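All values derive from a computational prediction rather than experimental measurement. Indexing begins at 1, ligand by ligand and atom by atom, following the structure's order. Numbering of residues begins at 1 and proceeds along the displayed sequence.
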Amino acid sequence: MAKGDNITNIIDHVLYSQEDIQEMCKRLGQQLTQDYAGKNPLVVGALKGAVFFLTDLVRNMDVVMENDFIDVSSYGDGFESSGKVTLDTDVKADVKGRDVLIVEDIVDTGHTLKFMEDLLLQRGAKSVKCCALLNKPARREEDVTVDYYGAEVQNQFVVGYGLDYLNKYRNIPYIGVLKPEVIKANLNK
Ligand code: IMP
């Protein structure tokens, strides 16, 4: 393998190990099993980042559910939200009267979550809640509630387990903080 091809070279330090993440999925899955019992929720994964988390989360939920996906984007330059959210791929299901659970990788400014919640509520969803792997409350710009989350993170940019930088590094199996020089190198391009 050529030097530099190893993706873990770009990680400054590990924030959450694979074991930590599995613990979070187990705890959240147990809570959601209780809260959604008998509700046949529509579980909507936010593409692309949340796919990794969603597959582990729902396998810890002992609940009959339906699954769908939505793709919205707001990130302009890779690590700062532009604040302008666009709908790239819509959900297929009719959400009218449904208990919808949005699964997100991370809630940062809250623009993306607010956009998805407003859209689903306008269409007549009975309830819309959010389960995110990570929550960055210090960065919030919108008044949104993250009903369930795995852990809070400070104001730092993290990658791995679905979280990307410029659509890369999603396949790192743990969550780590990017080396500052990786961001600097890309800014100078
Ligand atoms: P928000 O609209 O600012 O809340 O941004 C939500 C989206 O921004 C997430 O779904 C992620 O795709 C992305 N994002 C926010 N913070 C990070 C991070 O630390 N690493 C990777 N992606 C992030």
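- Close approach of ligand 1 to Thr112 is summarised as follows: ligand atoms under 4.0 Å from at least one heavy atom of the residue are 1 (P), 2 (O), 5 (O), 6 (C).
- Within the 4.5 Å cutoff, no side-chain heavy atoms of Ser127 are placed close to those of Val100.
- Placement of Leu134 and Val103 within a single hydrophobic cluster is found when ILVMFWY residues are connected by side-chain heavy-atom separations under 4.5 Å, directly or transitively.
- For the pair Ile106 and ligand 1, a heavy-atom separation below 4.0 Å is found.
- Heavy-atom distances between Leu113 and ligand 1 stay at or above 4.0 Å for every pair.
- Of the polar atoms of Val159, none of the N or O atoms is found under 3.5 Å from an N or O of ligand 1, judged by distance alone.
- Near Glu104, meaning under 4.0 Å from one of its heavy atoms, ligand 1 places the atoms 10 (O).
- Heavy-atom distances between Gly110 and ligand 1 reach below 4.0 Å in at least one pair.
- Glu66 is linked by a salt bridge (charged side-chain N to carboxylate O under 4.0 Å, His left out) to Arg98, counting only residues two or more places apart in sequence or in another chain.
- A donor-acceptor pair under 3.5 Å is absent between the side-chain atoms of Arg170 and the main chain of Gly160, judged by distance alone.
- Interface atoms of ligand 1 facing Asp164, defined by a heavy-atom separation under 4.0 Å, are 21 (C), 22 (N).
- Ligand 1 has at least one atom lying under 4.0 Å from a heavy atom of Lys136.
- Looking at Asp68 and Lys92, no side-chain N of the basic residue comes within less than 4.0 Å of a carboxylate O on the acidic one, giving no salt bridge.
- Within the structure, ligand 1 has Gln156 among the residues with a heavy atom less than 4.0 angstrom away.
- Using cut-offs of 30° and 60° on the angle between ring planes, the pair Tyr36 and Tyr148 is tilted.
- In terms of hydrophobic clustering, with Ile, Leu, Val, Met, Phe, Trp and Tyr side chains grouped at heavy-atom distances under 4.5 Å, Tyr165 and Leu15 are assigned to different clusters.
- Counting the atoms of ligand 1 from 1 in the order shown, those under 4.0 Å from a heavy atom of Asp105 are 9 (C), 10 (O), 11 (C), 12 (O).
- Annotation: salt bridge (charged side-chain N to carboxylate O under 4.0 Å, His left out) contacts of Asp62 (sequence neighbours excluded): none.
- Every atom of ligand 1 with a heavy atom of His111 under 4.0 Å away is listed here by number and element: 2 (O).
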